[in-house]
Novice: 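My questions will all concern the structure given below.
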Number of protein chains: 2
Amino acid sequence: MVTRDRRRRVTITDVAEHAQVSTTAVSKVLRNAYGVSEAMRLKVQAAIDELGYRPHNAARAMRGRTFTIGVLLPHIRNPFFADILDGLTDEISASGYQAIMVQSGGNDPAAERRASDALVDRQVDGVLWVAPVCPRGQLEKLAKDIPLVVLGRHDRSALYDCVLDDDEVGAELVVEHLIALGHRRIAHITQKDTVGGRTALLHTIRAATYERMMTEHGLADHIAIAATSYTEEGGYDGARELLVRDPRPTAIFAGADQAAFGALAAVHEAGLSVPGDISVAGYDNARLTGLAHVALTSVDQDGAIMGQTAGRLLLERIAGRTAAVRFSVTPTLVARRSTASPGPSLLGE
Amino acid sequence: MVTRDRRRRVTITDVAEHAQVSTTAVSKVLRNAYGVSEAMRLKVQAAIDELGYRPHNAARAMRGRTFTIGVLLPHIRNPFFADILDGLTDEISASGYQAIMVQSGGNDPAAERRASDALVDRQVDGVLWVAPVCPRGQLEKLAKDIPLVVLGRHDRSALYDCVLDDDEVGAELVVEHLIALGHRRIAHITQKDTVGGRTALLHTIRAATYERMMTEHGLADHIAIAATSYTEEGGYDGARELLVRDPRPTAIFAGADQAAFGALAAVHEAGLSVPGDISVAGYDNARLTGLAHVALTSVDQDGAIMGQTAGRLLLERIAGRTAAVRFSVTPTLVARRSTASPGPSLLGE
DNA sequence: GAAAAGATGGGTAACGTTACCCACCACGTC
DNA sequence: GACGTGGTGGGTAACGTTACCCATCTTTTC
């Protein structure tokens with residue numbers, strides 16, 4: 001490897017020399033530490049500005065904080081994640097923290113593990129983990145080392161905080177809405193489990209609630225689930241699978257908007273119309289999806305608020321809180337044009 | 001701040017003691033450095049595995065490399081960025097590098113600056129900057145310190161590499177396609193410039209090419225541009241602005257798919273149909289947008305290839321290359337159902 | 001068989017920052 | 001006037017890693 005002749009960084013020592021004080025004094029000013037006179041503060045600040053000094057993060061990391069929050073996202077194709085990230089950024093940037101993101105690779109536990117390790121190696125001060133699929137034990141192990149907030153899982157843990165929306169309520173709203181419109185053959189698209197036996201994952205809860213609601217309304221015989229993934233591709237594949245069933249469902253409840261979009265594509269491709277031939281509903285209602293030209297009925301969970309809260313909880317944990325907090329938002333249904341009563345011809349069993 | 005009693009990290013010293021060798025030897029094994037016998041390698045590797053040792057990134061950063069690539073994305077709402085990121089990850093992960101992302105805040109130069117500083121502070125080994133809006137000088141300044149690849153700008157610089165698609169060809173393809181279908185009143189949605197006098201930005205080139213093509217085809221009088229942004233919101237606002245013009249355009253060429261989706265929403269909201277009343281075309285053709293239920297005519301630039309190439313170029317630069325490279329992909333038109341010939345009633349001037 | 005060349009392992013001084021301690025000064029207080 | 005008591009400022013030893021150098025030991029060459 002060739003060493004680039006990049007000009008040497010301005011260090012705390014340079015600032016100290018320039019201001020004719022000790023490095024300790026400069027460090028104290030930087031950290032707003034106790035024991036600095038106003039005169040000292042001004043003098044050092046002037047030197048900092050003059051030299052264009054910026055603290056070296058890696059060096060800080062060796063001693064303590066990095067002022068960095070790590071965010072693990074399954075992928076960046078879901079605009080709902082963008083809402084979360086915006087909320088988080090809002091909350092933490094005032095405290096001088098910076099968010100860095102790493103893709104955790106959707107549904108693959110090994111990739112997820114690598115991503116989480118990458119953040120630990122980079123010595124982040126806290127982690128926001130969105131929709132992890134790993135076993136709970138792994139989360140707790142991480143939480144022992146680093147302040148952790150998990151978003152979108154229904155675990156209960158004494159070691160980390162949880163931010164979630166009430167997926168049971170959300171799924172109930174959708175199924176009730178469809179039933180109220182007159183649907184009986186309501187199908188569901190969910191995410192395939194890659195690790196056995198999880199019940200705290202949000203897609204598991206949405207699917208279980210769908211089944212429960214169907215059963216409670218005497219529609220157990222019409223339960224139809226396609227287990228693919230919460231992506232456009234997954235929605236597309238899932239819908240194709242559901243559409244060939246006989247009799248065909250009159251409504252599809254996709255567990256996520258992205259999957260609903262994929263389902264819409266499959267429905268159109270099959271020559272069917274929405275909501276004339278089939279109703280489609282999603283979940284997430286990311287900002288601006290209301291704009292989408294086929295206005296999708298969806299469940300609104302306020303991603304920005306969730307991200308903001310996650311940020312606040314992380315800052316609190318970094319500041320020393322150890323008691324676990326659970327923050328739950330109550331979702332609401334936003335009915336749009338992708339759902340309607342089934343035509344009379346569709347009602348026959 | 002409370003100090004957490006996190007158990008001490010396993011360090012290279014622990015590994016050295018456990019394997020009964022020097023820290024230098026361990027370090028050499030870790031870096032695949034010269035001067036290590038096979039026996040030594042195995043012994044050290046065994047100790048590493050046994051203790052679950054992971055190199056401390058911050059400590060590495062103080063001495064040299066961090067094995068981290070920083071990616072600056074304007075935002076994460078555009079699936080095209082996901083394609084780029086996937087390509088990059090593919091390319092660099094085999095070399096032990098990890099990508100971390102930071103949002104650069106779309107169209108705001110100050111936010112962009114903060115984001116780029118954040119990566120420099122975190123001592124990344126290289127930066128992939130997607131669609132920067134800052135002045136060229138700032139890019140060159142950064143490139144003097146860190147290997148830099150810029151994606152989506154048509155600058156020429158001796159200090160950094162460029163990965164881009166030929167936006168002139170792409171825009172030509174769209175305008176030609178629309179003209180060939182019989183359109184004359186073709187409007188364009190572009191991004192508003194926040195910094196004066198850039199001509200190397202991709203949206204500037206797409207817009208300029210649109211104007212040139214219109215002029216060359218004798219349609220200069222029909223040039224209509226809405227300058228908003230390359231987002232769903234921007235497309236929505238832009239289309240609303242264009243739709244009230246009299247006479248109304250028969251086609252809208254949005255400079256990005258996201259904007260096209262917003263435009264579609266506005267068109268539908270205005271009670272118009274696509275492509276019956278108005279054709280809409282986009283640009284990017286992110287993977288899976290072909291799935292979208294209204295199949296959008298778009299310009300395909302292979303984001304995965306672009307990301308992959310960017311990764312390769314960065315690794316080369318990190319390895320010591322200093323000569324600047326420019327990699328350009330030639331886009332292709334993917335005509336789908338959102339564009340068609342205008343109805344006869346729409347052709348009148 | 002001596003010298004050169006190659007292969008392998010280790011010692012050590014940084015890298016930039018901060019936590020912890022100590023030293024000093026100017027006050028009041030008894 | 002001796003003695004605390006805050007309020008300031010500085011010295012220094014880490015933190016974990018690696019680049020650079022040197023010390024062996026083995027093999028090859030004349």
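Residue numbers start from 1 in every chain, and the chains themselves are labelled A, B, ... in the order their sequence lines are given, proteins ahead of strands. Since this is a predicted model, take the numbers as computed values, not measurements.
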Novice: D:dT18, OP1 or OP2 - any side-chain N/O from B:Ser27 closer than 4.0 Å?
Specialist: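 Yes.
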
Novice: Is A:Thr23 close enough to C:dT17 that one of its side-chain N or O atoms is under 4.0 Å from OP1 or OP2 there?
Specialist: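 For C:dT17, OP1/OP2 do not have a side-chain N/O of A:Thr23 under 4.0 Å.
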
Novice: Are side-chain N/O atoms of A:Ser27 and A:Arg31 paired as donor and acceptor at under 3.5 Å?
Specialist: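 A donor-acceptor contact under 3.5 Å links the two side chains.
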
Novice: Between B:Ile12 (CD1) and D:dA14 (C1'), how many Å, whole number?
Specialist: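 It is 17 Å, rounded to the nearest whole Å.
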
Novice: Considering heavy-atom distances to DNA chain D, does A:Ala25 or B:Arg31 have its closest nucleotide positioned more toward the 5' end?
Specialist: A:Ala25

Novice: Give a yes/no answer on whether the side chain of B:Arg60 brings an N or O atom under 4.0 Å of OP1 or OP2 in D:dG16.
Specialist: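 It does not, given that no N or O in the side chain of B:Arg60 lies less than 4.0 Å from OP1 or OP2 of D:dG16.
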
Novice: For the pair made of CG in B:Leu30 and C1' in C:dG10, what is the distance, rounded to whole Å?
Specialist: 16 Å

Novice: At less than 3.5 Å, do the side-chain atoms of A:Ser22 and the base atoms of D:dG9 form a donor-acceptor pair?
Specialist: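 Not at all, since no donor on one side and acceptor on the other fall under 3.5 Å apart.
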
Novice: Picking from C:dA7, D:dG10, C:dT17, which would you name as closest to the side chain of B:Tyr34?
Specialist: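 Within the option list, the nearest is C:dA7.
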
Novice: Find the distance B:His56:NE2 to D:dT18:P and express it as a whole number of Å.
Specialist: 12 Å

Novice: Could you check B:Gln20 against A:Pro55 and say which one's nearest nucleotide on DNA chain C is further toward the 5' end?
Specialist: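 It is B:Gln20 whose nearest nucleotide is closer to the 5' end.
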
Novice: How long is the line joining CG of B:Leu42 and P of C:dT8, in whole Å?
Specialist: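 In whole Å, C:dT8 P lies 13 Å from B:Leu42 CG.
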
Novice: If you look at every heavy atom in A:Leu164 and A:His154, which pair is closest and at what distance?
Specialist: CD1-CE1, 4.0 Å

Novice: By nearest atom, which of the nucleotides D:dG10, D:dG16, C:dG9 is closest to the B:Met40 side chain?
Specialist: C:dG9

Novice: Side chain to side chain contact (heavy atoms under 4.5 Å, CB included) between A:Asp125 and A:Tyr97: does it pass, once the steps are laid out?
Specialist: CA-CA 9 Å; A:Asp125 292 337; A:Tyr97 278 80; 3.5 Å; yes

Novice: Among C:dG16, D:dT18, C:dT18, which is the nearest nucleotide to the side chain of B:Arg63?
Specialist: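 Nearest to the side-chain atoms of B:Arg63, counting from C-beta on, is D:dT18.
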
Novice: Of the nucleotides C:dT18, C:dC15, C:dG11, which one has an atom closest to the side chain of B:Thr24?
Specialist: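 Of C:dT18, C:dC15, C:dG11, C:dG11 is nearest to the side chain of B:Thr24.
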
Novice: Using whole Å, what does the distance between atom P of nucleotide D:dT18 and atom CD of B:Gln123 come to?
Specialist: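 Those two atoms, CD and P, are 14 Å apart.
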
Novice: Between B:Tyr53 and B:His18 (judged by ring centroids, cut-off 6.0 Å), do the two rings come close enough to count as a pair?
Specialist: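 Ring-ring flag for B:Tyr53/B:His18: false, centres at least 6.0 Å apart.
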
Novice: Measure across B:Thr66 and A:Arg122 and return the closest heavy-atom pair with its distance rounded to 0.1 Å.
Specialist: O-NH2, 3.7 Å

Novice: Whole Å only: how far is the CG atom of B:Asn57 from the C1' atom of D:dT18?
Specialist: 14 Å

Novice: Between C:dG16 atom P and A:Met62 atom CE, what is the distance in whole Å?
Specialist: 13 Å

Novice: What's the CG-P distance between A:Asp125 and C:dT18, to the nearest Å?
Specialist: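 To the nearest whole Å, that distance equals 12 Å.
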
